Number of protein chains: 2
Amino acid sequence: MTQNQKDRRMLGAMLRIPFQAIVARINEGLRTRGFTDLRPAHFVIFQHIHPEGSHLTELAEQAQITKQSAGALVDHLMACGYIERLPDPNDGRAKIVRLTERGRELEKAAREILSQVEQEWAEQLGDERLTQLKQTLKDLIALIEEGAKS
Amino acid sequence: MTQNQKDRRMLGAMLRIPFQAIVARINEGLRTRGFTDLRPAHFVIFQHIHPEGSHLTELAEQAQITKQSAGALVDHLMACGYIERLPDPNDGRAKIVRLTERGRELEKAAREILSQVEQEWAEQLGDERLTQLKQTLKDLIALIEEGAKS
DNA sequence: CTATATAGTAAGATAAACTGACTATCTTGT
DNA sequence: ACAAGATAGTCAGTTTATCTTACTATATAG
């Protein structure tokens, strides 16, 4: 009734629900655009891959998964033609993982879908509140990462 | 440099990071309090279990997983003594899943840990902004759930 | 130039989800 | 009253995404 009525839902769930909604929307959107061979777990690779290419170990660190897990995801993405691996001329142990043309198309599509979701949310929530939400999340992340260092 | 500098991080990741931070904190906190046999996947059961007890099928629906998955999680929680199953006197097919005393202790502990995290965040972000964040998330969830119905 | 660190791979285990098929029980329409 | 269909929950098997431990090849530093 009152504006102070306690929501039974806990903060964890309140963050999870919109997060999963975004993942579902991107997944769905990519499928309808013909990218049918991707799974949500692969997104994290795209999120961290550098335009010039990245090493597997870097990707694993940034995504906070083991390099074996990263390797498996990269193998799949390579088999599907989204990324390629070249030997690193500066390090004989290492390979450079980078997007193919198709990979860049996929990334573009994902960004477009995300923009559309953000736009919908901005329409219904108001531009100002969405911007505010993003700024608060950004600040929250900064202090979480601060805490993780210590 | 400027306040308008574009954050490379996408909204999906911005929601995921604090969500995962909460999950990690609760997981960690429960461990140090002696609840060592739980995994994050079990949280979703606790989140939806009704004080009077719930049916497995209800839990599965609310948690948005199959009843087989819910069944496996419940089996584990039962083996660890957090929940119990009684035959439903009103329905011979059904069983009532409800918290044991230990289950209620666990739930209490989890809420305390979450409160502590929220308090920390409130201290660093300001009470007002945290409240605002929760309200925005709540509104966002409402419109996501609205959209899901259609 | 040897010792150690790093990049990536291999093999195998596990957790958490899924689908499809099944039994037992309840509900409903005639 | 009862047959047809719906619902609660289980069983068996599979997939996906993760992990740990152990390894090879190469690089770097004392």
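By convention in this document, chain letters (A, B, ...) are assigned in the order of the sequence lines, proteins followed by strands, and residues within each chain are numbered from 1. Just so it is clear, the structure is predicted and the values come from calculations on it, not from any experiment.
- Counting non-hydrogen atoms of other residues, nucleotides and ligands closer than 6.0 Å to CD of A/Glu112 gives a total above 12.
- Both B/Ile17 and A/Phe43 belong to a common hydrophobic cluster when Ile, Leu, Val, Met, Phe, Trp and Tyr are linked at side-chain heavy-atom distances under 4.5 angstrom.
- Pairs passing the salt bridge (charged side-chain N to carboxylate O under 4.0 Å, His left out) check and including a residue from residues 13-32 of chain B, sequence neighbours excluded, read B/Arg25-B/Glu120.
- At least one donor-acceptor pair closer than 3.5 Å links the side chain of B/His76 to the backbone N or O of B/Asp37.
- Residues of residues 18-38 of chain A having a heavy atom closer than 4.0 Å to DNA chain D: none are found.
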Applying side-chain contact (heavy atoms from CB on, under 4.5 Å) to B/Lys108 and B/Glu105, what does each step give before you reach the verdict? CA-CA 5 Å; B/Lys108 187 162 162 272; B/Glu105 278 167 27; 5.6 Å; no

Check nucleotides 14-17 of chain C against the protein and report each pair of N or O atoms closer than 3.5 Å, with its distance, or say if there are none.
unit_1: C/dA15; atom_1: O3'; unit_2: B/Arg39; atom_2: NE; d: 3.2
unit_1: C/dA16; atom_1: OP1; unit_2: B/Arg39; atom_2: NE; d: 3.1
unit_1: C/dA16; atom_1: OP2; unit_2: B/Arg39; atom_2: NE; d: 2.6
unit_1: C/dA16; atom_1: OP2; unit_2: B/Arg39; atom_2: NH2; d: 2.6

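- Put simply, CG on B/Asp88 is 16 Å from P on D/dT7, counting in whole angstrom units.
- B/Val74 and B/Ile96 are not part of a single hydrophobic cluster, where members link through side-chain heavy atoms under 4.5 Å apart.
- Sorted by first and then second residue, the salt bridge (charged side-chain N to carboxylate O under 4.0 Å, His left out) pairs with a member in residues 56-77 of chain B read B/Asp75-B/Arg85; sequence neighbours excluded.
- Within the structure, the salt bridge (charged side-chain N to carboxylate O under 4.0 Å, His left out) test picks out the following pairs touching residues 92-102 of chain A (sequence neighbours left out): A/Glu84-A/Arg98, A/Asp91-A/Arg93, A/Glu101-A/Arg104.
- Between the side chain of A/Thr100 and the backbone N or O of A/Gly81 there is at least one donor-acceptor pair closer than 3.5 Å.
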Could you run through nucleotides 2-10 of chain C and give me one letter per nucleotide, 5' to 3': B if any protein heavy atom sits under 4.0 Å from the base, S if only the sugar-phosphate is that close, - if neither? ---BBBBBB

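- Between A/Ile45 atom CD1 and D/dT16 atom P there is a gap of 16 Å when expressed in whole angstrom units.
- Within the 3.5 Å criterion, the main-chain N or O of B/Thr57 finds no donor-acceptor partner in the side chain of B/His55.
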